[in-house]
Each structure stands twice: as C-alpha cells, then as structure tokens.
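Notes follow the structure.
Each chain gets a letter, A, B and so on, in the order the sequences are listed, and its residues count up from 1.
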2 protein chains.
Amino acid sequence: MVIPAPPWQRPTRKRPVKPPLSRDAIVDAAMGILDGEGLDAVTMRRIAEELNTGPASLYAHVSNKDELHELMYDRVCGEMELPAPDGTNWREPAKQWMRNLHATLARHRDVARVSIAAIPMGPNVLRSGESLLAILRAGGVPDQAASWAMDLFLNYVTTAVYEGSLMADRGGWEHFQERISELNAYFRSLPPAEFPNTAALADTLTAGDGDARFEFGIEVIVAGLAAYAAGVVPPR
Amino acid sequence: MVIPAPPWQRPTRKRPVKPPLSRDAIVDAAMGILDGEGLDAVTMRRIAEELNTGPASLYAHVSNKDELHELMYDRVCGEMELPAPDGTNWREPAKQWMRNLHATLARHRDVARVSIAAIPMGPNVLRSGESLLAILRAGGVPDQAASWAMDLFLNYVTTAVYEGSLMADRGGWEHFQERISELNAYFRSLPPAEFPNTAALADTLTAGDGDARFEFGIEVIVAGLAAYAAGVVPPR
DNA sequence: ACCTGAACACCGTTCAAGT
DNA sequence: ACCTGAACACCGTTCAAGT
C-alpha cells in the first residue's frame, strides 16, 4: 500500500504567483529598504509588504526583528575588504582596516546602529575580527592588548559611521554646513565667564568634515595602542 | 470699565487634585521610569500615566520625545563631578574626567543611548565639555587636537557605558559570567584553519570586566592624544 | 511544513473641543 | 493658556486555522 504524500509535498503545476519565502529573500528585501530609507524603515510589516505577505509569515524564517537586523549587519560585513597583515608595520594595515570597515558600513545608511545595540557574531563579522587580530599580532601587539583593541576599534568605527549617517540623513550637504555654522555662532555666543574655552575654540570645535575627524581618531587610537604595546603605559 | 480676566486666569478655590504639569515635573517622572525600567520604558504614554493625564497633555511642555530624552540626559550630566585642570599633568584629570562621566551615566541605566542617537547641547552637557577643554588646554594640548579629542572622549565613554548597561540589563552578574564562558567556548570551537587568531585568543578576548576594559581604552586614548599632541604623529 | 488573517497590546503625534 | 478625549497611522509578536 502506498501512502500518498501530504498535499504540501505534492508537486504542483500551477506556477507560483510569488517566489517562495526564505531567509535570504527576507534579508534581500530588508537590505533594499535599508539602503533606500534607512534602518527605522526596516520593520517586519514593511518587509512583508515588499514580499506580498503578512508580517506573521516572516516568523517561520527569522525568529525576531533583532535577529533579522543582525543578519543584515553580517551581510554588510561580507562586503568589507580585509587588509593583509604586515610583519614590519602593523599601524598602516590597522588603520586601513578601520577605513575599510568605515567605508563598508557607510554605504548602508545607519546599519552601524545594529552593532551598537547588539554584539553581532555572524560569520562575516568573525572573519573581519579575525583579520584585525592577524594584523595586530603580526605586528607584535601583545595578545591582551590586541584583544581589547579589537573592541576599541570596533566601537570607534561604528559610532563614527553612525554619527555620519545621522548627519547625512537630516538633509543634504548644504543643510549640514548650515547647522555647523549655527553651532559655531552658538559656541561664540556663550557667556565667556562660564564658557571661556568653548567660546574660544568655536572654530576648531566645528572644524573638519567627517573624514578629517575620523582620521584624527584612528591616528590617536593607533598611536595610543603602539605606546601601550611598547610598555610606555604599564598594563594593569 | 473693568475687563474681567478670562476664566483660566481667575484664581480658583478648589484645590487641585493633581499637581500642575510642568517641564520639570515631566522630566522628574521620566527619570523615575528611566531609573526603574530603562530608557525604552520612557514613553510619552507611560509618563502621562505616571502623572495621571493623557499623553497629549505633555506636548504643551515638551515638543516631542527626543527633546524630552535630551532634557533627561542633560539632567544626568548635572550630576557629574568635574576634575580641576592641572597645568603640570593633564593626563590624570583627563582620565578622571572620563571616569567621572562614566560613573555618572552608568548610574542611570541606558541614558547613554540618548547621546549616541543625538548630540545633546544642554547647559550641563556644555559645562562638562568646557571642563574637558580646560583640562586639555591647561596641559598644552593644541586647540584642534583638544577639540577633536572631546568628540573622541565622549564617543568612547558613551559607548562603553551603553554596552555596559546592555550587559547589566540582560540578567545579573551570574548570567553575564555564563554568557562570557559560552562566548569563550564558541571562539575555541571555531575552525582553526579559518579562525586561528580568534580561537587562540579566546581567553584574552573574553578576559576582563567592564572596568578593566574601560581603563584600557582610556589609557590608549590618552597615550595616543599625548603622542599626537607631541607631534609624534604629524597632523594632516 | 509553511503560510495566513486576525487579534493583542502597544507606540508618537495631531487636532478639535473644552475650561 | 493649558489640558483633554478621541483618533490616526503605525509598531512587534502570537496564535488558531488553513493547505
């Protein structure tokens, strides 16, 4: 006696009106919304709409919205170029690692926020971290310093990209310029008795675009790590 | 002829059942919810409930939720102790500034998130910034470096506190310890061909509590700023 | 196994109406 | 001027029911 397959396993001739749902298809749709409208627009309901279903259908492939955000973040990290370690000079590839991560995240609006609100651990995130550890260790940075430096590097790049994306979102370049000069005027206008330094440094406080500020930060962090690793500052 | 005052200006004998609404009262209620349940619980509706009104009533005193969050952040910054500048040694007060800001923010759950998502500019935030500029300039740090360093310091402290608050929220200390050892095991279990460094550094990657990691970061940043200011790294 | 509609328990904000 | 109720246009997630 032959038991017939249940109806959902029987092949159907009717060609499907919609492509089948899958984790990848969901992340695809989510990435499209992210790049077009930013992370806040990536809601379960919006993704479902994009895929011509109801939001409940997504939960068969993704356990919740946070997990979906982390899947998106990992996909983005897969786009990062990983600098080769250099035994004679770890500073340059270390800085390049930060620049590459920055550029990759910046291409996708405010995804950076995902890694601020959680600690993503997808395969591409791990590969990226492995690459940084290889760069630092090849240069002789001690293991504990290299390990904690990874956190420091990630935090710095991530928040820098995120702040940049906030600026980019709220109006274009001219709007940004305007905000900066308003801020400058505001600093100048502060009572000099209480805020002598803020008022005096109005120009330097508002100087530099995102890139100049980012480069300052990576110089400081890499120089500091070099000093720390060389034992100028005693580890505790 | 005497024009009578409009009814809402006429004194009333009926003692009010509820205290009158005000910006301060709203921020008070919001702070209570923040300290008890975290920033996500601070919603307009929840605050209104606490004050025995409807959410619409709040909008007479506060323009929106983001502004309210910034008012809260500024109030918290008012609790920060500001280290005195020292002309002979800026490193120590600079580090102490970071520790003090860290401690202050950490006392209030995940408020730190407010200053990640926006750039608060309330009076107490400005006073705190002024204090850091005074410390750095007294030590001879050049103006541009001091200005950009303020951003760097703020970013570092803020994200450190926020990550700490995420850890603290998701279960207590034993739960945290457990997560750490799971992470350690996970790093060890990674395929050594692809993840040699991550696997080898499992112990150092998961070593150190929040304080040790925080201290590492401030040492690196301050050492780096010193190197930068001394011209070891050429400014661009 | 996979998908669905409907519901639950929330949001921030607006707006006409009341005092 | 200040406060209110009701509504608008959303959320994430669950759950019983369908195929």
* Value in whole Å for how far the P atom of dC3(C) lies from CG of Leu51(A) -> 11 Å
* Ignoring backbone atoms, test whether His61(B) places a side-chain nitrogen or oxygen under 4.0 Å from the OP1 or OP2 oxygen of dA1(D). => no
* Asked: Lys65(A) has an atom NZ; how far is it from atom P of dT13(D), in whole Å?
  -> 8 Å
* Asked: Is it the case that more than 12 heavy atoms not belonging to Glu81(B) sit under 6.0 Å from its CD atom?
  -> no
* Exceeds 12 heavy-atom contacts within 6.0 angstrom, atom CZ of Arg179(A) -> no
* Asked: Relative to each other, are the rings of His102(B) and Phe214(B) parallel, tilted or perpendicular (30° and 60° limits)?
  -> tilted
* Span that lies between the C1' atom of dC8(C) and that of dC11(D), in whole angstrom -> 12 Å
* Per-nucleotide protein contact string for nucleotides 5-10 of chain D, where B marks a base within reach and S marks sugar-phosphate only (heavy atoms under 4.0 Å, - for neither) -> B-B---
* Asked: When Watson-Crick pairs (N1 to N3 and N6-O4 or O6-N4) and G-U wobble pairs (N1-O2 and O6-N3) count only below 3.5 Å on both distances, what is the dot-bracket string of DNA chain D, with | for other-strand pairs?
  -> ||.|||||...|||||.||
* Which one, dC3(D), dG12(C), dC3(C), comes nearest to the side chain of Leu21(A)? -> dC3(C)
* Asked: Asp40(A) CG to dG12(C) C1': how many Å, rounded?
  -> 13 Å
* Gap between atoms CE and C1', on Met44(A) and dC3(C) respectively (whole Å) -> 14 Å
* To do: Let me know the distance between CG of Leu58(A) and P of dT13(D), rounded to the nearest Å.
  => 11 Å
* To do: Answer with yes or no whether the side chains of Thr206(B) and Asn184(B) bring together a donor and an acceptor at under 3.5 Å.
  => yes
* Would you call Arg45(A) and Glu49(A) a salt bridge, taking side-chain N to carboxylate O under 4.0 Å as the test? -> no
Less than 3.5 Å apart, which donor and acceptor atoms pair up between the side chains of residues 57-64 of chain B and the rest of the protein, not counting sequence neighbours?
residue, atom, partner, partner atom, Å
Ser57(B), OG, Gly54(B), O, 3.4
Ser63(B), OG, Glu67(B), OE2, 2.8
Asn64(B), OD1, Asp66(B), N, 3.2
Asn64(B), OD1, Glu67(B), N, 2.9

* Asked: Among His108(A), Arg109(A), Arg107(A), whose side chain to side chain donor-acceptor pair (under 3.5 Å) with Asp35(A) holds?
  -> His108(A)
* Structure fact -> To the nearest angstrom, the CG-P distance between Leu39(A) and dC11(D) comes to 13 Å
* Can a donor-acceptor pair be found between the side chains of Thr198(B) and Glu130(A) at a distance below 3.5 Å? -> yes
* What is the distance, rounded to the nearest whole Å, between atom CD of Glu49(A) and atom C1' of dC3(C)? -> 18 Å
* Asked: Looking only at atom P, what distance separates dC10(D) and dA9(C), rounded to whole Å?
  -> 22 Å
* In whole Å, what separates the C1' atom of dA16(C) from that of dC3(D)? -> 13 Å
* Asked: Could you state the CD1-P distance from Ile26(B) to dG12(C), rounded to the nearest angstrom?
  -> 13 Å
* Asked: Any Lys/Arg nitrogen of Arg113(B) or Asp40(B) sitting under 4.0 Å from an Asp/Glu carboxylate oxygen of the other?
  -> yes
